[in-house]
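To start, the structure itself, in structure tokens.
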Amino acid sequence: MKEIINITFPDGKSHEERKGITGFEIAEKISKSVAKEAIAFKVNDEIQDLSHCIEKDAQVEIIKKDNVAALEIIRHDCAHIMAEAVQALFPNTQVTIGPAIENGFYYDFAKEEPFTVNDFDKIEKKMLEIIDQGKNFTREVWTRDQAINFFSKRGENYKTELINDLDTDETITIYKQGEWLDLCKGPHMPSTKYIGKAFKLMKVAGAYWRGDSSNAMLTRIYGTAWRNEKELTEYLNQLEEAEKRDHRKLGKEMDLFHFQEEAPGAVFWHPKGWGLFQSLINYMRKRQDQAGYVETNTPDLLDRSLWETSGHWEKFRGNMFTTEEKEGRIFAIKPMNCPGAVEIYKQGLKSYRDLPLRISEFGKVHRYEPSGALFGLMRVRAFTQDDAHIFCTENQITSESKIVCDLILSIYKDFGFTDVIIKYSDRPEKRVGEDHVWDKAEKALKEAVKTTGLAYTINPGEGAFYGPKLDFILRDAIGRDWQCGTLQVDLNLPSRLGATYIDENGQKKTPVMLHRALFGSLERFTGILIEHYAGNLPFWLSPLQIVVATITSDSDNYADNIFNQLRDKGLRVKKDIRNEKIGYKIREHSIAKIPVIMVIGKKEAENKTVSLRKLGSKKTETFKIDEITKILFKESLSPYNK
RNA sequence: GCCGCGUUAGCUCAUUUGGUAGAGCAGUUGAUUUGUAAUCAUCAGGUGGUCAGUUCGAUUCCGACACGCGGCACCA
């Protein structure tokens, strides 16, 4: 008896086919050329090998190599090929896992002597050989015993461990390419030859087995792989472009800040960098004033006992800097501003009428980050938060959270960030507080994030121990994601530190504390801005906005006049009356990314004008000095003030 | 913290087997008064990250440490 199934193609057309038909057979039926280019197929949205048999009615789509969906398969194939190449060249290497990732793939190996980049040439060459041989990928189902026997005989202890940890009902599949094989779920392309040449090994790194720092350190090789060489080249160019935006490089070139070994993870802000930093603070101060915040400042050093009460001493002692004992007391440098904020709140009796009370602080905190975590301005040990603590009632959580979300997004927009990732994290396993309060807090926060209209992802169990949180994430030039803003609902600290208010019935109650930072770390945000603008800071943020450059010393007096007029308007301006050619001055200030260069010579002095040249443009425009002062003054206001 | 790599003049980089380092830019001084991305010349500039070790001799070889970089882990 012949059984018939229905397969439906993306264009909506259905065909009757024999039950058990494979993807390859379907491709062949469509056309010879499709069969030739097909590398996998989608069955009800799940990508399968072409050899997969369809047993019941299904939606089917053939995937050719030029399909985006092919990328992941190519990368995964590439990881297998690399593993084979590595084992061929270095027989004492154990394979572990090797997935496809964004832009490429990696494979973790266990090897006595770690690989170095010098091994890449050899490995790549071997990979090309394997690809050229056009080995077929074939899938086999093995029994657990068969798999364990095979891998343990080969001394592949990591693979054996993986198999042992698989659920008993899980099918154990093996993918072979010629002789070489690996435990793998697939899918793979029909043959290694489809990979082509558009791949490159990128870097070696250590990585813990199963991502656990108590396990052995493996050697990871990262590679990138694409559908064709054009895509590969584009990707490599993109990386090069990103490198040019690196805030560490630009920070040096633009003379914004430096680090030195006596202060690892702490910034030396140069005058220009500090100017930028201050512009950000001033901007935020205005926005917060407008949003009903009051600004405070609290001590950097606080007695150990306070940190014990707050719970920090027990939980975060390892990340705190402390003083030596003086007169029997130990102090700790604050890793967070919240205890200080609570202490300010506690001064004087608070009524429900005082709530919500929004207390802000540009507080500098110190945290002992592991040395390996430090990274330019993005991850430091000493940083300034645009911190605030909103004390409110439980009923005010949602409305206050909404206000914070709106504020944060409005602020990011002023800096040109519209692509913000939001992560919502709910209750972790280790937490304080009762479940019904958590229910309330989570519901309130979720409602708030929904009103932003932005997509958010849920991080189950990643909340703070005292409450759920939202993280606002921006992406840097190199594609790394950085958490900037955060909003945390804290149902714990206020009571630990004894904060109260009197409600409308005269009852003493504990307020809820919303802990929020919008830029997050001023240091990190500055770094992200530098990369975001590739150093070409907008006029209002640029620490040095205008250079008045003379052509000859005849114009020195006129330069003085212009300089004074601009400076009196509060514009950040510098004179360049050096005995240099104008081309030389233009070049130097362009490299320094000064937004506006005003060139003045005889002509300008006679007509009371300036010749203006904007960064990134070769065009020059002539303005009357009063006119341009007005224009630039307007441009120097933050977007919020415009 | 872990694995790997790196550290040479203010900056960007040279100097292949061990014989105490060189260029460009920046800086100095001088000449040049110049019209929109580099005027010419002059001088100066370094105990080669730090500390130990091997050696007659170390920037070069070995080791420790510091810092940085690429990842991993961490990130209240």
Side-chain angles (χ1 to χ4, degrees), chain A residues 106 108 111 113-119 202-222 246 248-249 252-253 255 258-265 310-312 314-320 335-336 338 365 367-376 378-381 383 428 430 462-467 469 471 478 480 482-483 486 488 490 492-493 515 520-521 524 549-556 577-592 597-604 611-621:
Chain A
Y106 68 79
D108 285 347
K111 182 169 174 275
E113 283 283 302
F115 297 102
T116 73
V117 287
N118 298 326
D119 298 320
M202 303 296 283
K203 46 199 174 192
V204 276
Y208 296 111
W209 168 235
R210 297 193 146 179
D212 184 336
S213 59
S214 55
N215 286 340
M217 176 69 64
L218 307 169
T219 309
R220 174 174 297 179
I221 300 180
Y222 283 94
D246 192 316
R248 294 165 297 187
K249 184 177 144 70
K252 198 184 271 176
E253 284 173 11
D255 192 19
H258 85 270
F259 289 92
Q260 64 187 51
E261 58 183 273
E262 290 83 355
S310 71
H312 288 89
E314 190 204 348
K315 259 203 107 116
F316 312 117
R317 169 84 187 81
N319 287 331
M320 289 165 71
M336 291 174 80
C338 29
V365 295
R367 300 177 185 179
Y368 195 91
E369 303 286 357
S371 58
L374 302 180
F375 177 82
M378 305 300 203
R379 192 81 182 270
V380 287
R381 286 185 178 150
F383 59 99
K430 276 177 80 178
E462 292 290 307
F465 70 93
Y466 48 72
K469 63 169 182 170
D471 290 322
I478 314 165
R480 280 183 258 227
W482 296 102
Q483 184 193 312
T486 183
Q488 303 168 356
D490 184 350
N492 175 56
L493 262 187
H515 174 120
S521 144
R524 175 180 293 178
T550 51
I551 291 174
T552 69
S553 54
D554 293 339
S555 320
D556 285 1
I577 57 168
R578 289 175 303 169
N579 178 14
E580 294 289 353
K581 283 190 162 175
I582 192 63
Y584 180 89
K585 295 183 184 181
I586 299 266
R587 179 183 150 81
E588 196 177 273
H589 299 124
S590 297
I591 288 170
I597 301 171
M598 286 183 183
V599 175
I600 55 169
K602 254 186 211 150
K603 251 190 321 191
E604 287 77 10
S611 165
L612 186 138
R613 181 183 168 122
K614 283 195 171 173
L615 183 60
S617 163
K618 288 197 168 151
K619 228 173 49 187
T620 59
E621 287 176 278

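Lettering of chains follows the sequences in order, A, B, ..., and the numbering in each one begins at 1.
Between atom CZ of residue A:F115 and atom CD1 of residue A:I221 there is a gap of 4.5 Å, rounded to the nearest 0.5 Å. Atom CG of A:D119 and atom NZ of A:K111 lie 6.0 Å apart (nearest 0.5 Å). Considering CG of A:L374 and CD of A:E369, their distance stands at 7.5 Å, rounded to 0.5 Å.
The residue among A:E262 and A:Y368 whose nearest nucleotide of RNA chain B is located toward the 5' end is A:Y368. Both A:R524 and A:P114 sit near RNA chain B, but only A:P114 has its closest nucleotide nearer the 5' end.
In this model, the phosphate group of B:U12 is approached by a side-chain N or O of A:K252 to a distance below 4.0 Å at OP1 or OP2.
Contact of A:S611 with B:U36 (side chain to base): a donor-acceptor pair of N or O atoms is detected under 3.5 Å. Contact annotation: side chain of A:E604 to base of B:G35, donor-acceptor pair present below 3.5 Å. A:R220 contributes no side-chain N or O that forms a donor-acceptor pair with the base of B:C3 under 3.5 Å. Evaluation of atom-type donor-acceptor distances gives no pair under 3.5 Å for the side chain of A:R367 against the base of B:C74. Side-chain atoms of A:Y208 and base atoms of B:G71 include no donor and acceptor less than 3.5 Å apart.
With a cut-off of 3.5 Å on both Watson-Crick or G-U wobble distances, the partner of B:G57 is given as none. Base pairing annotation: B:G70 forms a Watson-Crick or G-U wobble pair with B:C3, both donor-acceptor distances under 3.5 Å. Of all nucleotides present, none satisfies the Watson-Crick or G-U wobble test against B:A38 with each distance under 3.5 Å. Pairing for B:U17 is absent, judged as Watson-Crick or G-U wobble with the two contacts each under 3.5 Å. Across every strand in view, B:A23 sits in a pair with B:U12 that passes the Watson-Crick or G-U test at under 3.5 angstrom.
Going from atom CZ of A:R613 over to atom P of B:A37 covers 4 Å, rounded to whole Å. What separates CD of A:E588 from P of B:G27 is a distance of 7 Å, to the nearest Å. The interatomic distance linking A:R248 (CZ) with B:G70 (C1') rounds to 9 Å, in whole Å. Rounded to a whole Å, the CE atom of A:M217 is 11 Å from the P atom of B:C72. Atom NZ in A:K203 sits about 7 Å away from atom C1' in B:G71, given to the nearest Å. Atom CD1 of A:I597 and atom P of B:G35 are 16 Å apart (whole Å). To the nearest angstrom, P of B:G70 lies 14 Å from NZ of A:K249. Here the C1' atom of nucleotide B:C72 and the CG atom of A:D212 are 11 Å apart, to the nearest Å.
Within 4.0 Å of A:I582, counting heavy atoms only, lie sugar-phosphate atoms of the nucleic acid but no base atom. Within the nucleic acid shown, A:A205 comes within 4.0 Å of at least one base atom, counting heavy atoms only. At the heavy-atom level, A:K602 lies under 4.0 Å from base atoms of the strands shown. When heavy atoms are screened at a 4.0 angstrom cut-off, A:P264 is found touching the sugar-phosphate backbone but no base atom. Among the atoms of the strands shown, only primed sugar atoms or phosphate atoms (P, OP1, OP2) are found under 4.0 Å from some heavy atom of A:G211. Residue A:Y466 is in sugar-phosphate contact alone, with no base atom involved, counting any heavy-atom pair closer than 4.0 Å across all strands shown. Counting any heavy atom pair closer than 4.0 Å across all strands shown, A:S213 reaches sugar-phosphate atoms only and no base atom. Base contact: A:G372 has a heavy atom under 4.0 Å from a base atom. Within 4.0 Å of A:Y222, counting heavy atoms only, lie sugar-phosphate atoms of the nucleic acid but no base atom. Looking at heavy-atom distances under 4.0 Å, A:Q488 makes contact with sugar-phosphate atoms alone, never a base. Here A:G520 lies out of heavy-atom contact (under 4.0 Å) with every strand. If you check every strand for non-hydrogen atoms under 4.0 Å, A:Y584 touches sugar and phosphate atoms only.
Checked against B:G27, B:C72, B:C75, the side chain of A:R578 finds its nearest nucleotide in B:G27. Minimum atom distance to the side chain of A:I591 is reached by B:A37, of the listed B:G35, B:A37, B:A76. Ranking B:G35, B:C75, B:A38 by closeness to the A:E369 side chain, first place goes to B:C75. Listed candidates were B:A76, B:G1, B:C67. Nearest to the side chain of A:E261 is B:C67.
A gap of 11 Å separates the P atoms of B:C3 and B:C65, to the nearest Å. On the P atoms, B:A52 is 13 Å away from B:A58, given to the nearest whole Å. Taking atom P in both B:U16 and B:A23, the straight-line distance is 16 Å, to the nearest Å. For the P atoms, the distance from B:U60 to B:U47 is 15 Å, rounded to whole Å. B:A14 sits 9 Å from B:U7 when the P atoms are compared, rounded to a whole Å. Distance noted for atom C1' between B:U12 and B:G27: 16 Å (whole Å). With both ends at atom P, the span from B:G57 to B:U20 equals 15 Å, rounded to whole Å. Comparing the P positions of B:A21 and B:C2 gives a spacing of 37 Å, expressed to the nearest Å.
Residues A:T552 and A:K602 bring no donor and acceptor atom of their side chains to less than 3.5 Å of each other. Judged purely by distance below 3.5 Å, without hydrogens or angles, the side chains of A:R220 and A:Y222 pair a donor atom with an acceptor atom. In this structure, a donor-acceptor pair under 3.5 Å is absent between the side chains of A:H312 and A:E314.
Residues A:D246 and A:R248 are paired through a salt bridge, judged by an N-O separation under 4.0 Å between the basic side chain and the carboxylate.
Using a 4.5 Å heavy-atom cutoff, the side chains of A:W209 and A:M217 are not in contact.
Partners of A:E588 by side-chain hydrogen bond (donor to acceptor under 3.5 Å, both in side chains), not counting sequence neighbours, listed by chain and number: A:R578.
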